[in-house]
Amino acid sequence: VLNLIDLAGSERLSKSGATGDRLKETQAINKSLSSLGDVFAAIANKDNHVPFRNSKLTYLLQPCLGGDAKTLMFINVAPVAESAQESLCSLRFAAKVNACEIGLPKRQSSLKRLEAM
């Protein structure tokens with residue numbers, strides 16, 4: 001299973017001046033990012049409870065954030081000075097995710113059979 005999640009649009013509301021539907025979308029994306037950060041923090045701290053149910057995003061990603069799963073995250077860093085604060089926030093989030101050790105992936109037995117052929 002491959003999941004691709006685009007959280008583009010996460011930004012500072014004060015900077016974007018978003019209103020109406022765009023405002024609601026930005027708030028939802030920011031809430032999902034915050035929940036995802038909470039999940040990664042709980043996994044990194046090896047907490048007994050990981051708050052997967054705090055957002056639809058984290059609930060849907062639950063099987064992808066442990067066990068045999070492999071997780072890869074891309075962030076966007078803008079090269080312009082006006083976006084420096086957003087880029088810094090993105091880098092901090094990525095550092096938080098990078099510090100998290102989900103577990104060691106295991107080879108699936110079906111792959112072993114294919115390699116034997």
Side-chain angles (χ1 to χ4, degrees):
V1 175
L2 175 65
N3 294 299
L4 299 174
I5 296 115
D6 179 11
L7 294 174
S10 61
E11 55 195 25
R12 301 271 180 242
L13 290 173
S14 59
K15 184 178 176 184
S16 71
T19 59
D21 288 340
R22 177 90 169 118
L23 173 66
K24 289 179 185 177
E25 178 187 15
T26 302
Q27 288 172 328
I29 290 169
N30 287 341
K31 181 182 181 283
S32 292
L33 268 176
S34 178
S35 296
L36 186 59
D38 293 343
V39 165
F40 280 118
I43 292 171
N45 294 334
K46 299 185 183 345
D47 291 350
N48 290 332
H49 173 72
V50 179
F52 287 112
R53 292 186 176 184
N54 285 2
S55 78
K56 288 180 186 177
L57 173 68
T58 55
Y59 182 74
L60 292 172
L61 287 178
Q62 184 173 356
C64 305
L65 297 175
D68 295 339
K70 293 181 182 179
T71 304
L72 180 64
M73 174 183 274
F74 293 94
I75 62 165
N76 184 42
V77 178
V80 294
E82 296 83 30
S83 299
Q85 192 59 37
E86 273 308 301
S87 293
L88 187 58
C89 287
S90 296
L91 289 168
R92 285 183 182 140
F93 185 80
K96 180 193 273 190
V97 171
N98 191 46
C100 178
E101 185 177 311
I102 293 175
L104 298 174
K106 300 171 192 153
R107 293 187 103 178
Q108 295 186 9
S109 60
S110 60
L111 289 177
K112 289 179 183 174
R113 283 188 295 232
L114 286 174
E115 290 174 349
M117 294 180 171

- Task: Calculate, to the nearest 0.5 Å, the distance between atoms CZ and CG belonging to Phe52 and Asp38 respectively.
- Result: 11.5 Å
- What residues form a side-chain contact (heavy atoms from CB on, under 4.5 Å) with Ala78, not counting sequence neighbours? Val80, Ser83, Ser87
- Query: Is Ser34 reaching over with its side chain to a backbone N or O of Asn30, donor-acceptor style, under 3.5 angstrom?
  - Reply: no
- Query: How many angstroms lie between atom CG of Leu57 and atom CD1 of Ile29, to the nearest 0.5 angstrom?
  - Reply: 10.5 Å
- Message: Are Leu88 and Val97 linked, directly or through intermediate hydrophobic residues, by side-chain heavy-atom contacts shorter than 4.5 Å (ILVMFWY only)?
- Response: no
- Distance-minimising heavy-atom pair for Val39 and Pro51: CG2-O, 3.5 Å
- Task: Under 4.5 Å between side-chain heavy atoms, chaining through other members, with only Ile, Leu, Val, Met, Phe, Trp and Tyr counted: pull out the rest of the cluster around Phe74, sorted by chain and number.
- Result: Leu72
- Message: Using 0.5 Å steps for rounding, measure from the CD atom of Gln27 to the NZ atom of Lys24.
- Response: 9.0 Å
- At their closest point, which heavy atom of Val77 faces which heavy atom of Leu91, and how far apart are they? CG2-CD2, 4.0 Å
- Gap separating the CD1 atom of Ile75 from the CD atom of Glu86, nearest 0.5 angstrom: 11.0 Å
- Query: When Ile, Leu, Val, Met, Phe, Trp and Tyr are grouped by side-chain heavy atoms lying under 4.5 Å apart, directly or through other members, which residues fall in the same group as Leu60?
  - Reply: none
- Message: Could you work out, with side-chain hydrogen bond (donor to acceptor under 3.5 Å, both in side chains) as the rule, every residue matching Ser35, not counting sequence neighbours?
- Response: none
- Item | Pair listing, side-chain hydrogen bond (donor to acceptor under 3.5 Å, both in side chains) test, anchored in residues 44-60, at least two apart | Ser55-Thr58
- CZ on Phe93 to CG on Leu33, rounded to 0.5 Å: 5.0 Å
- Under the side-chain hydrogen bond (donor to acceptor under 3.5 Å, both in side chains) rule, collect the residues that match up with Ser90, sequence neighbours excluded. none
